[in-house]
Amino acid sequence: MIYDFNSIEKKWQKFWADNQTFKADNNAEKPKFYVLDMFPYPSGAGLHVGHPLGYIASDIYARYKRHKGFNVLHPQGYDSFGLPAEQYAIQTGQHPAITTEANIKTYRRQLDQLGFSFDWSREVRTSDPKYYKWTQWIFIQLFNSWYNIDSDKAEDIASLITIFSSEGNTNVNAVCDEDIILFNAAEWNSFTTKKQQEILLQYRLTYLAETEVNWCPALGTVLANDEIVNGVSERGGHPVIRKKMTQWSMRISAYAQRLLDGLNTIDWPQPLKDSQTNWIGRSQGAAVTFYTADEKKYPISVFTTRPDTIFGVSFMTLAPEHELVAEITTSEQKAEVEAYIEATAKRSERDRMADVKTISGAFTGAYAEHPFTKEPIPIWIGDYVLAGYGTGAVMSVPCGDQRDYDFAKHFNIPIPNIFEGVDISEEAFADKEKTIIANSDFLNGLSYKKAVKTAIYELEKLGQGKGKINYRLRDAVFSRQRYWGEPFPVYYVDGMPQMIATDYLPITLPEVEKYLPTETGEPPLGNATTWAWDTVANKVVANAEIDNKRVWPLELNTMPGWAGSSQYFNRYMDPHNNNAIFSEEAINYWQDVDLYIGGSEHATGHLLYSRFWQKFMFDRGFVPKDEFAKKLINQGMITGTSAFVYREEGTGNVISKNLINGKSVIPIHADVSLVNASDELDVEGFRNWQKDYKNSEFILEDGKYIVGREVEKMSKSKYNVVNPDAICEEYGADSLRLYEMFLGPLEQSKPWNTAGITGVHSFLKKLWKLYHSGADSSFVISDEEPTKDSYKTLHKTIKKVEEDIENFSFNTSVSTFMICVNELTAQKCTSKEILEPLAILVSPYAPHIAEELWSKMGHSKSISTAEFPKFEPSYLVESSKKYPISFNGKMKFTMELSLDLSKDEIEEAVMEHEKTQQQLQGRTPKKVIVVPGKIVNIVG
RNA sequence: GCUCGAGUGGUGGAAUUGGUAGACACGUUGGACUUAAAAUCCAAUGGACAUUAGUCCGUAUGGGUUCAAGUCCCAUCUCGAGUACCA
């Protein structure tokens, strides 16, 4: 009987589906284990061989944990809102829901054929109204919450209203907008409802605010910083400009410190933690207030990490956008300042980035007063100061900061030296550790640390400063001018946002004629004709019914891509619950994700926002853990191996790689499916594929055309995409699963080369043969007592595979299986004692063949219910060891010695050996190092 | 520029606390079987010299620690990822 993988795999995939083998129970006696993959965006291109890498790894782990007696939750779903489907809709008029549905079908078929043990009964789709009902629900919870710094957590907005109406806001310590007015209880109670709502909005965790955004006119949308590459949109490469818009924001900044602290409690890759740490960008220093030297005494607050250098300030720099600029600029300087502001506004992000070195700025003509020396300090504006960071103003200390130094040099501003014994004639001195402060009044002679403390103390005495921690992390804009996203459960009464009661969720996406922004520049939902909220009937009605009494307009923006993915891991716990985002029983049973596998590209997007929402959900008592994933692994990327043919310039001949010899050629991508393992091109196939080359002359070497190879990212445009469907057809899913693991460590990126798959495929055939040693290769398994060697082979395999899986070293397990099967084949082992546990060992990696062998051995239940074989160390105990005998650290020969020997006995035996004498050639060794069980090294 | 990660045969990669470098595969070469091909099996395969032993060199480069270094320390180079004037 041959190994007919195609029918075996189909058979077991059907068995698993029919029997719901991997359906997870929400209240089992067994301990829980939650293995999660980052769910995919279902793109039109389908899966290529790089996509399943992480899914295979997590599937192996999930299957292993089942064997180990855990109740495993291993769900899968789709992040199905997103721009590509919308772009396609704009181009073709096809509704994104239809495109998405079709793409999901392809994904599902491709995932199924790989034999994953997903519990598909729990599938979620972010674009499904039954799912996004709960995304809208979370939004409402955020709206109805504020961040209390005293309790250091989010609380219900009702508690804030209670405080306002009983004592006003003077004692409230909250994370809120900067421009808060102070009021007492009586004033609060006398405010109009609208006024009260305006004030509350300044405290809510999601709030409407005027934000400066990256507006892309061509796409009609706002882009996040990470959606802009080199100043143009990542998709399409359209120009991006800065623009002010009223948008929903998330007060993630409230959680900056906790997001930082939480990193210490989770087992995530260090590079990922580092990039979140950088993104949050905590810096400790002081807020200092300077006052202008004129009679108006405008306060200018700055943030500095170096309050110890305050006596080195020789000018101040404001961002050109700073609101004080217009107020303080003198009439003489007005023209110059305005010209500079205009020039910077025109400069695109791209120009600014490409040109970091150019120093530019303008003098405002105004002066500030130094808090201690009372000397006048000139106030400049310069675009190296960013309006969006800190206060948009800096105290410039040219001797201690290179940018300030460069600016001062360029504009001939004095550079006072406040460091003892340091030369600053060439560059600024930014070292904190070796600093001794000089020329600084009461700070003279102090070290950095002491000077910082003293400076802050003195500033506080003056009432002109205090210690402060600043974060780079900005509140996250949550509005998108797009169609294919979650609608907000929000309508507007007199311009003030109102939440729709959660009973009436979901608010489903309206139908529109066109998916583009409206002619008046409103988002695509502005095209909807049935998009108004009837506050009495509590339903969406036609826009024509808007009377601004009972029927009001609905929000036109939709939510960003990360909305749907920020709590999906919790929704999987109870995905069909229509009364709650999840039941208490479900969340209390599953708690959190034990293992999360996905790409590192989500480091500062999805993974930061999810942690933020999780902490919010924790504060409000919805979830028991404030971090959602205990352990996270980034799988590396599988790159493609592109193939190139070379067209000679001039002649147009296509020259085989080794015949180029310095000729001037242009490399052209060839489809990798036209190239065999020996880099030979199917010339006829190439001619038929690229009609332009139909009649070109191909210059061959030894009758073959040899292509060039290069490792690149797998993409359609490089013709290097390898599709898993064809591989499953030719070698089977088990081969593909094994091979993807065999390629190398999970976390490393590595190039794909289909040729190597024959190695794991023939391993599976050998495995099959081990169980089919009868006449006509029929199934044979015996009750014979296994040999010692067979036991040893099995148990060293159990040990290694178990260690490997626990350490996520899946590549080495595959090698271990190969060695095991090679050895058992040589031993002619047919014992059930050995072959039964072997099938279980293999089953997480190659589940189809394992199920088939398992059932042939007479089992009626799935192999996934079998217990993982227990490692028995006694089978590996050795009585002797083949010692490597080294001379001066270099191994010369080996010697078999009993492990019972003492150090001295070993030394004696080694010294007596004739090869030792031969090596020594009569010399007496200076020293003999004996490490029992390891090595002998003879020195001298 | 800064932060982080990585450099091992022709290729993917192995190598526990420092203890036989190159496991396991791919590829290549030779052989068996076959009319032939595929499949399968056997042997060789880091480099150089010697081809019988054997000797020397080898884990990016240069130093160091050690009886012993791919592994630890210092410096340099190269590649990859993240970030972009963060005061």
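Chain naming here is simple, since letters A, B, ... match the order of the sequence lines and numbering starts at 1 in each. Below, all heavy atoms of this structure are taken into account, side chains as well, without hydrogens, waters or symmetry copies.
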Counting only Watson-Crick or G-U wobble pairs whose two distances fall under 3.5 Å, which nucleotide matches [N]?
| N | answer |
| --- | --- |
| B:G22 | none |
| B:A38 | none |
| B:U66 | none |
| B:A6 | B:U78 |
| B:G27 | B:U45 |
| B:U83 | B:G1 |
| B:C33 | none |
| B:G58 | none |

Nearest whole angstrom, please: distance from the [atom2] of [N] to the [atom1] of [X].
| X | N | atom1 | atom2 | value |
| --- | --- | --- | --- | --- |
| A:Leu473 | B:C86 | CG | P | 17 Å |
| A:Glu321 | B:C85 | CD | C1' | 13 Å |
| A:Lys934 | B:G18 | NZ | C1' | 9 Å |
| A:Lys468 | B:C86 | NZ | P | 17 Å |
| A:Tyr731 | B:A38 | OH | P | 14 Å |
| A:Asn278 | B:A84 | CG | P | 10 Å |
| A:Ile2 | B:A39 | CD1 | P | 15 Å |
| A:Phe817 | B:G13 | CZ | P | 20 Å |

Any chance the side chains of [X] and [Y] put a donor and an acceptor closer than 3.5 Å?
| X | Y | answer |
| --- | --- | --- |
| A:Thr317 | A:Ser396 | yes |
| A:Asp475 | A:Ser253 | yes |
| A:Asn720 | A:Ser642 | yes |
| A:Asp804 | A:Thr812 | yes |

Could you work out which one of [options] sits closest to the side chain of [X]?
| X | options | result |
| --- | --- | --- |
| A:Ile819 | B:A23, B:A87, B:C85 | B:A23 |
| A:Ile929 | B:A87, B:A14, B:C67 | B:C67 |
| A:Asn811 | B:C24, B:C26, B:G13 | B:G13 |
| A:Lys765 | B:C4, B:U20, B:A39 | B:A39 |
| A:Thr305 | B:A87, B:C41, B:U20 | B:A87 |
| A:Arg472 | B:U55, B:G12, B:A84 | B:A84 |
| A:Asn937 | B:A87, B:C67, B:C24 | B:C67 |
| A:Thr758 | B:A87, B:C67, B:G27 | B:G27 |
| A:Lys769 | B:A23, B:U40, B:C4 | B:U40 |

Exercise. Check every strand shown and say whether A:Lys766 touches a base, only sugar-phosphate, or nothing at a heavy-atom separation below 4.0 Å.
Key: sugar-phosphate

[N] phosphate, OP1 or OP2, under 4.0 Å from [X] side-chain N/O:
| X | N | result |
| --- | --- | --- |
| A:Arg403 | B:C86 | yes |
| A:Tyr389 | B:A87 | yes |
| A:Ser762 | B:A25 | no |
| A:Lys892 | B:C56 | yes |
| A:Gln748 | B:G13 | yes |
| A:Asn822 | B:A25 | yes |

Atom [atom1], compared across [N] and [M]: separation rounded to whole Å:
| N | M | atom1 | answer |
| --- | --- | --- | --- |
| B:U51 | B:A38 | P | 37 Å |
| B:U11 | B:C72 | C1' | 30 Å |
| B:G54 | B:G10 | C1' | 27 Å |
| B:A44 | B:A36 | P | 26 Å |
| B:A60 | B:G7 | P | 8 Å |
| B:G9 | B:G70 | C1' | 14 Å |
| B:U17 | B:U66 | P | 23 Å |
| B:A69 | B:G19 | P | 11 Å |

Under 30°, 30 to 60°, or over 60°: which ring-plane class applies to [X] and [Y], parallel, tilted or perpendicular?
| X | Y | result |
| --- | --- | --- |
| A:Trp562 | A:Tyr609 | parallel |
| A:Phe407 | A:Phe411 | tilted |
| A:Phe893 | A:His913 | parallel |

Nearest-nucleotide check on RNA chain B, A:Val936 vs A:Asp404; residue mapping nearer the 5' end is A:Val936

Requested in this report: Return the 5'-most residue of the pair A:Met395, A:Lys927 with respect to RNA chain B, ranking by each residue's nearest nucleotide.
Outcome: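 On the 5' side of the pair lies A:Lys927.
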
Count the heavy atoms belonging to other residues, nucleotides or ligands that lie under 6.0 Å from CD of A:Glu896, then report whether that count exceeds 12.
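Atom CD in A:Glu896 is packed in, count exceeds 12.
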
I'd like to know if the side chain of A:His370 reaches the main chain of A:Ile310, judged simply by a donor and an acceptor atom lying under 3.5 Å from each other, with no hydrogens or angles considered.
yes

Its glycosidic angle compared against 90° from 0, B:G9 adopts the form syn

